[in-house]
Amino acid sequence: MLFLISPYMLMAFLALAILALPKYLRLSAIIFAPLTALATLWLYPIATENPFDFISYTVKSFWFGYDVTWIKMDIIGRFMASIFALTALAGGIFAFKLARKKEIFVAYLYAACAMATVLAGDLISLMITWELLAITSLALLWFSRESGAQNAAMRYGLWHFLGGALLLSGIAMQMATSHSIAFASVNLNSFSGYFILIGIWLNTGMFPFTSWLTDAYPKASPSAAVFLSSFTTKTAIIIMLRLFGGEEILMYPALITIIIAGIYSFLEDDMRKLLCWSILIQVSFMIVGIAAGHELAYIAVPAMAAVHILYKSTLFMASGIILHYTGESRMSKISGLLDDMPVIFGLSLIAAVTSMAMPLTAGFLAKTWLLESIDKGHLYLGWVALTIMSGFAILPTGLWFIRFVFGSDESRQQKPMIPYIIPQLAMIIPVSLCLLFAVPSLWNLLLHTPTSMGSVFNIKEILHALQLIFISLALGFFIMKWLYPRPTYTVGIDWLWREANLIYKQNAIQPAKFRIRITHIFGEHFSALFDLISSPRSPFLRAKAVSKQSFEVFVFLAFFIISWVLFS
Amino acid sequence: MKSFQKYQFHAAFFCLAIALILWLMEVLFIASSKSSHKESQYAFEELAYFIHYLTGYKIIFPAIGLITAAGLAYILRNLLTKKEERP
C-alpha cells in the first residue's frame, strides 16, 4: 500500500490530471503534482541521522524470489528526489506556455522515474526504474517537434537501450554468482561489476559515450531540454556514487572527458550544444569526486549534482525562450539579446556566476566541498588535474554563453520581442534556490552535513574562488578574438560511426563500386576477400537476407550467454 | 553590453588586475596570519607553506590549463568543425 502512495507514484498519477484538465486549470495540476510528491518525500521517516549510513526506511515487495526494495528513503535519495521534484515544478511551469499537454505529461512521468531511480533500494528495482527512465526520456525527445529530433531520438534510444541491456546483463550475472541484489554486493572484482559500470557509465555521457548527449539534448524542444538536462546524467551519478564510490579507475576517463568537452566548448556555435559540453565537464568533476570515495564525497557529489541541476535548468530555460522567439540557436546568428530580454539576462547571469562557483552562490559551497573531498580522499592527481582544468571548465556557461547570446556586435541586428511572463517566472525558482543554497545551515538541514563543512566559507577559500574566476575571465576575454563562434557544426566521436554507416549504406546498394574502391586502396588480394564475403552464397549476406536486426540481436545474445557461462 | 567586441581587451586587463590584487591579498593574508599555523615544527615548513601560496597556484594552474585547451581548440578548429551538419 505504501508503494502506491510513494512520491513518484503520486506524481505519475497526478500528472494524469494534466491530460484531463482544461487549459485554465492545467497550471494548477502542473504545480500540484510535484509539490505533492515533495511533501510525501518529507513525510517518509528516515531511520538514521547519519548521512553515510544507508540503513533507512524501506518499502518492499516479493519479486523474482527476492525482497525488492522499491523505496530506500536515505538522506541522499530524499535530497536528490526533492531537487528533482523542484526542477519538475519549474520545468512544468516553464513548459505550460511552450509545450503541448502530452509533452508535459511525459516530462512528469520522466521526473517520477528519476525520483524512483534515486530511491531504488536494490538492483532489481534499479533495473526496472532505469529502463522506465530510458523509455520516458526517449518519449519526451520523440514528442519534440524540432527538426532532427526524431532521428536524434532514435540514436538516443539505441544508446540507452544498449546501456540498459548491459546493466541487465551485469545484474543477472551478479544475481547468478552472489545470489544477492544488494547494492553492497556490486564491485569491480567481478565481470558483472564491469557490465553494471558500463551500463551506468553510458548514462553519464562520459568518454567514450559523449556523443549521445550532445546529439540529443540540443534537438529536444525548449521545455524537453530542461527536463532532459536535469535528470538522466544526475541519476546515473547518484547510482554510481552508491555502487562504485572510491573506484579510482573512474577518474581517468572523466579527466579525458573534461579535456574533450573543454576543447569542444571553445568551438561550439550552438548555444544548447555549448550547455551540453558544460554538462559533461561538470559531471566529470562529480565522477572524480566519486572516484575519491571519501565520506565527504557522499555529501559533496549530491550537492554538486543538485546545484548543477539548478543552474543548468535555468540556462536551458533561457536558451529555450531564445530559441522559441528567434527560431535560432546558433550564437553566430543571434546576439545582443540583452536589450530585448533584460530579465532573462539577469537570471542567466546569476545561473552563470553560480556555475563559476562564485562566493555567495550555492556553486561555491558545492565545488569547494567537492575539491576538499578529492583532497581528503588522497586523489592528488585528480585534485591537481581539476585545479588545472577549472579554468576552462567555468568558461562555457560563465562567459561564452552570456557574452555571445546577450552581448552584441554592431553589425548584428535583432528584432524586438516580448517574452511570455510565465516562463520567466519559472526561471526564478531554480535561480532563487541557487542563491538560497549559499547558506551552509540549509545544507545541514537537507543533507545532515557536519557543522565543520560550513567552515569552507572562509577568507582563504573565497580568495581562491575569486582568483580562479577572474583569471579565467581575463584569459577568456583575451582569447575570445581568436575563438569567435563561426557558423559551423562540431564533429564529435560519433562522426566515425555515422560516416562508417553512410559508407556502408552507399556500398551495400552498390557493391561493385565498393569493390573497385577496395581494389584501388588495398590491391587485388583484398578484393578477393571482399568477393568471398559479398557473394550471394556468403553466410554474411544470407544472415542479412533473413533479417539484419535479428542477426545483430543473435550476436549480442550469444555474447551474453557465452560470458554468463564463462564467468558464472 | 553594446559593441562589446571593442571593450574585450579592456575587460581582460580589468579582470587580470583584479586577479593579481586578489593574489596579493592572499599572500598578505597568509603573511599576517602566521600565528594561525603555529603547529609547524620547523622554520622551513613555515617557509614552504608561505611559498606554496606565493606561487599563486590557484592562478597559474588554471591559466596553464585554459591556454592549453584554447590553443588546442584553435589548432584543431578546422579538423573538428564542418560547414554542414552530419546526416
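Proteins get letters first, then strands, A, B, ... in listed order; numbering begins at 1 in each. Values in this document were obtained by computation on a predicted structure and should not be read as measured data.
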Rounded distance (nearest 0.5 Å) linking atom [atom1] of [X] with atom [atom2] of [Y]:
X	Y	atom1	atom2	answer
B:Gln8	A:Lys481	CD	NZ	9.5 Å
B:Glu26	A:Leu466	CD	CG	11.0 Å
B:Lys58	A:Lys460	NZ	NZ	9.5 Å
A:Thr387	B:Tyr57	OG1	OH	7.5 Å
B:Ile60	A:Gln467	CD1	CD	10.0 Å
A:Thr490	B:Lys82	OG1	NZ	11.5 Å

Under the side-chain contact (heavy atoms from CB on, under 4.5 Å) test against A:Ile471, which residue among B:Ile18, B:Ile59, B:Leu20 passes?
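Among B:Ile18, B:Ile59, B:Leu20, the one that satisfies the side-chain contact (heavy atoms from CB on, under 4.5 Å) with A:Ile471 is B:Ile59.
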Less than 4.5 Å apart, any side-chain heavy atom of [X] and any of [Y]?
X	Y	result
B:Pro62	A:Ile388	no
A:Leu395	B:Leu66	yes
A:His464	B:Trp23	no
B:Phe61	A:Val384	yes

Just give me the residue among A:Asp269, A:Leu468, A:Ile469, A:Leu267 that pairs up with chain B most often, heavy atom to heavy atom, under 4.5 Å.
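Highest number of heavy-atom pairs under 4.5 Å: A:Leu267.
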Among the listed options A:Leu386, A:Ile479, A:Ile263, the residue most often paired with chain B at heavy-atom distances under 4.5 Å:
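Ranked by heavy-atom pairs under 4.5 Å with chain B, first place is A:Ile263.
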Select one option (side chain, backbone, both, neither) describing which atoms of B:Ile67 are under 4.5 Å from chain A's heavy atoms.
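Contact with chain A involves the side chain of B:Ile67 alone.
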Hey, would you say the A:Phe478 and B:Phe9 ring centroids sit under 6.0 Å apart?
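Under 6.0 Å, so yes.
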Go through B:Ala19, B:Ala73, B:Ala17, B:Gly71 and name the one with the most non-hydrogen pairs under 4.5 angstrom from chain A.
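The answer is B:Ala73.
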Identify which of B:Leu72, B:Ile64, B:Leu22 forms the greatest number of heavy-atom pairs closer than 4.5 Å to chain A.
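It is B:Leu22.
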Closest heavy-atom contact between B:Ala69 and A:Phe392?
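The pair with the smallest heavy-atom distance is CB-CD2, 3.6 Å.
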